[in-house]
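For reference, the structure discussed in these notes is given below.
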Amino acid sequence: MGIQIYNTLTRQKEAFQPIEEGKVRMYVCGPTVYNYIHIGNARPAIVFDTVRKYFQYQNYDVHYVLNFTDVDDKLIKAANELGSEVPEIAERFIEAYKEDVGAFGVEEAVDHPRVTENMSEIIEFINTLVEKGHAYESGGDVYFRTRSFDSYGKLSQQSIDELRTGARIEVGEKKEDPLDFTLWKTTKDGEIAWESPWGEGRPGWHIECSAMAKKYLGETIDIHAGGQDLTFPHHENEIAQSEALNEKQFANYWMHNGYIKIENEKMSKSLGNFVLVHDIIKHHDPQVIRFFMLSVHYRHPINFSEALLEGAKNSLDRIKNAYENLEHRKQSATNQTEDDEQWIQKVEAYKNTFIEEMNDDFNTANAISVLFDLTKDANVYLQSTHTSENVIAAFQHTLSELAEVLGIHVAGENELLDEEVDALIQERIDARKNRNFQRADEIRDDLKDRGIILEDTPQGTRWKRG
RNA sequence: GGCGGCAUAGCCAAGUGGUAAGGCAGAGGACUGCAACUCCUUUACCACCGGUUCGAAUCCGGUUGCCGCCUCCA
């Protein structure tokens with residue numbers, strides 16, 4: 001069985017069938033770069049990076065595109081408030097985005113298109129829509145004529161009539177129909193603007209993704225992904241624009257990740273519970289946050305709290321400990337023991353299970369449980385008196401390989417200790433031999449304060465960073 | 001009002017027809033000089049009420065509660 005994806009468009013899991021054999025064209029809606037990203041922005045970044053990593057693990061060539069919205073109302077506002085210019089703000093927070101997301105082990109996109117660098121494509125896109133009768137100019141603005149697109153509402157499962165009933169009709173509206181949405185908006189004096197056939201202005205929000213997806217990935221792409229909240233209206237509108245223009249299916253698979261709550265409350269500015277990635281990674285290992293995010297299925301809501309993060313840290317430590325336990329037993333391992341083959345087969349079976357779970361709509365929660373199965377078995381194996389290099393290698397290699405698919409590093413860095421610490425450890429070993437436990441405990445406590453944890457095992461004393 | 005989602009042990013979380021994975025926390029035991037790591041043992045009337053079925057956490061109907069989208073939003 002190959003990869004199954006839950007497709008928002010059809011509301012069911014479907015076998016993934018790429019447009020081109022061995023390739024995945026994937027477009028993920030990126031951030032509007034007017035501030036540091038919050039933890040809610042981190043979820044799609046981590047989740048879809050994992051989707052990408054898994055495809056790559058399955059030998060797909062993934063053309064991953066993530067856009068930056070580098071001009072819009074929020075950016076203009078931020079620029080005004082900070083006494084800066086839109087391009088400076090954008091540049092600053094694009095760098096911040098890359099840094100934050102990089103801390104989580106998110107791989108850089110193949111293409112990171114920006115709105116301001118694709119203005120001619122956007123204008124061309126809008127222009128053709130106007131020519132085709134799907135859009136119209138009105139007082140310097142250009143709107144998409146929603147009723148000209150028959151299947152409008154297919155992604156969010158809403159009927160156009162229901163939407164029309166609920167839509168707001170604003171005073172002074174220049175639209176023909178309340179459901180029509182902006183493709184191009186005329187600018188106020190002094191605002192950042194571009195020349196267009198409809199006068200100076202800037203693009204509406206939805207059009208950029210349609211134009212850039214087309215430019216970088218083609219008229220039909222494999223996967224279009226983003227947060228659940230983008231389903232309507234953003235993605236619905238993208239479909240309308242792109243399919244009205246190209247007269248082809250826009251994206252074959254639509255993936256949407258669930259929301260994040262903070263301490264059981266919606267994250268919102270009014271509640272003051274916005275958690276910025278920039279801040280939280282000062283106090284929490286980004287790997288723990290990544291692990292935590294992946295311990296829940298990507299389509300389900302996830303709650304974020306200090307206590308939950310603490311639990312995730314302990315969980316991840318268990319896996320990393322197992323890896324270190326294996327590492328530690330390498331030296332005393334023998335060439336081969338009788339039951340090598342049995343264990344190696346068992347490890348191989350876990351790997352297959354991991355793949356099955358990931359194939360099932362990227363069920364990372366279950367994939368992680370396979371990591372725990374591996375962890376448990378590795379520890380059990382290490383209980384035996386004689387261990388074999390081959391089995392230890394199999395455990396380590398598989399554990400590391402599978403964890404890496406999720407973007408989790410299980411191997412500790414093999415850094416060296418400074419001489420003083422090294423000498424203390426040696427002194428403690430001698431002290432224990434002489435049953436001078438008072439001195440031994442003193443050294444252990446001292447090193448613990450320095451962030452070095454000592455553990456005495458039957459194979460000798462070892463240390464790790466705490 | 002329209003559309004959609006969720007309700008599983010103290011906590012987190014899989015499971016979508018065959019008598020409930022995994023993790024955290026807790027308790028007891030083993031190992032240890034003491035710890036740590038690790039191992040063993042240990043905890044579920046699957047929100048409620050009906051229905052379908054030989055059999056349902058899982059399907060259908062209803063009830064209650066919570067949440068998201070419909071307006072900028074990951």
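The chains referred to below are lettered A, B, ... by the order of the sequence lines, with proteins before strands, and numbering in each begins at 1. Side-chain atoms are counted along with the backbone in the values below, which use heavy atoms only and exclude waters and symmetry mates.
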Checklist entry - Under the 3.5 Å rule, do the base of B:rA36 and the side chain of A:R444 count as making a donor-acceptor pair? => result no

Checklist outcome for this item: Among the nucleotides B:rC70, B:rG33, B:rC37, whichever has the atom closest to the side chain of A:N321 is B:rC37

Pull out every protein N or O sitting under 3.5 Å from an N or O of nucleotides 13-21 of chain B, one pair per line with the distance.
unit_1, atom_1, unit_2, atom_2, d
B:rA14, OP1, A:H297, N, 2.8
B:rA14, OP1, A:H300, ND1, 3.2
B:rA14, O3', A:N363, ND2, 3.2
B:rA14, O2', A:N366, OD1, 2.1
B:rA14, O2', A:N366, ND2, 2.4
B:rG15, OP1, A:N363, ND2, 3.0

Item to check | Nucleotide B:rC72, atom P - distance to OH of A:Y259 in whole Å | outcome: 13 Å

Item to check | Rounded distance (Å) that lies between atom C1' of B:rC3 and atom CD of A:Q228 | outcome: 12 Å

Item to check | Partners meeting salt bridge (charged side-chain N to carboxylate O under 4.0 Å, His left out) with A:D279 (sequence neighbours left out) | outcome: A:K282

Next on the checklist: Please report the distance, rounded to the nearest Å, between CE in A:M255 and P in B:rA74.
Outcome noted: 18 Å

Next on the checklist: Just to verify, what does A:R290 make a salt bridge (charged side-chain N to carboxylate O under 4.0 Å, His left out) with, not counting sequence neighbours?
Outcome noted: A:D49

Item to check | Step-by-step salt bridge (charged side-chain N to carboxylate O under 4.0 Å, His left out) determination, A:E427 to A:R439 | outcome: CA-CA 9 Å; A:E427 186 190 339; A:R439 178 59 186 151; 2.7 Å; yes

Item to check | Nearest-Å distance for atom pair CG/P, residues A:L326 and B:rC39 | outcome: 12 Å

Checklist entry - Is the shortest side-chain N/O distance from A:N379 to OP1 or OP2 of B:rC39 below 4.0 Å? => result yes

Checklist entry - Checking all strands, does A:R462 fall into the base, sugar-phosphate, or nothing category for heavy-atom contacts under 4.0 angstrom? => result sugar-phosphate

Checklist outcome for this item: Of B:rA74, B:rA36, B:rG33, the nucleotide closest to the side chain of A:I453 is B:rA36

Checklist entry - Okay, side chain of A:N67, backbone of A:G30: is any donor-acceptor separation there less than 3.5 Å? => result yes

Checklist outcome for this item: Atom CZ of A:F274 and atom P of B:rC72 are separated, to the nearest Å, by 16 Å

Item to check | Nucleotide of B:rG33, B:rC39, B:rA74 approaching A:V380 most closely (side-chain heavy atoms) | outcome: B:rC39

Checklist entry - Looking at B:rC6, does its base get a donor-acceptor pair with the side chain of A:R299 below 3.5 Å? => result no

Item to check | Listed partners of A:F232 passing ring-ring contact (aromatic ring centres under 6.0 Å, His included), at least two apart | outcome: none

Next on the checklist: Considering every strand and a 4.0 Å limit on heavy-atom distances, what is the contact class for A:Q157: base, sugar-phosphate, or nothing?
Outcome noted: sugar-phosphate

Next on the checklist: The side chain of A:D456 is closest to which nucleotide in this list: B:rG68, B:rA35, B:rC37?
Outcome noted: B:rA35

Checklist entry - Could you give the CG-to-P distance, from A:L308 to B:rC11, as a whole number of Å? => result 12 Å

Checklist entry - Can you list every salt bridge (Lys or Arg N to Asp or Glu O under 4.0 Å) pair that touches residues 293-307 of chain A, not counting sequence neighbours? => result A:R299-A:D361

Checklist entry - With A:D141, which residues qualify under salt bridge (charged side-chain N to carboxylate O under 4.0 Å, His left out), at least two apart? => result A:K174

Next on the checklist: List the residues meeting ring-ring contact (aromatic ring centres under 6.0 Å, His included) with A:H409, not counting sequence neighbours, and say none if there are none.
Outcome noted: none

Checklist entry - Of all the base pairs, Watson-Crick or G-U under 3.5 Å, which form stems of three or more consecutive pairs involving RNA chain B? => result B:1-7 with B:64-70, B:10-12 with B:22-24, B:26-30 with B:38-42, B:47-51 with B:59-63

Next on the checklist: Give me the distance, rounded to whole Å, that separates B:rG65 from B:rC60 when you measure between the P atoms they each carry.
Outcome noted: 22 Å

Checklist outcome for this item: The salt bridge (charged side-chain N to carboxylate O under 4.0 Å, His left out) partners of A:E176 (sequence neighbours excluded) come to A:R145, A:R147

Checklist entry - Rounded to whole angstroms, how far apart are CG on A:D100 and C1' on B:rA74? => result 14 Å

Next on the checklist: Heavy-atom nearest nucleotide on RNA chain B for A:G258 versus A:Q383: which residue maps closer to 5'?
Outcome noted: A:Q383

Item to check | Among B:rG4, B:rC34, B:rA74, the nucleotide that comes nearest once only the side chain of A:R11 is considered | outcome: B:rG4

Item to check | Under 3.5 Å donor-acceptor, A:D72 side chain and A:L75 backbone | outcome: yes

Checklist entry - Under 4.0 Å between a Lys/Arg side-chain N and an Asp/Glu carboxylate O for A:K320 and A:E324? => result no

Checklist outcome for this item: So ring-ring contact (aromatic ring centres under 6.0 Å, His included) across residues 298-325 of chain A, not counting sequence neighbours, yields A:F292-A:F304, A:H297-A:H300

Checklist entry - For A:K433, what residues pass the side-chain contact (heavy atoms from CB on, under 4.5 Å) criterion, not counting sequence neighbours? => result A:I429, A:D430

What N/O pairs connect the protein and nucleotides 23-28 of chain B at under 3.5 Å? Give each pair on its own line.
unit_1, atom_1, unit_2, atom_2, d
B:rG23, O2', A:S315, OG, 2.2
B:rC24, O3', A:N314, ND2, 3.4
B:rA25, OP1, A:N314, ND2, 3.2

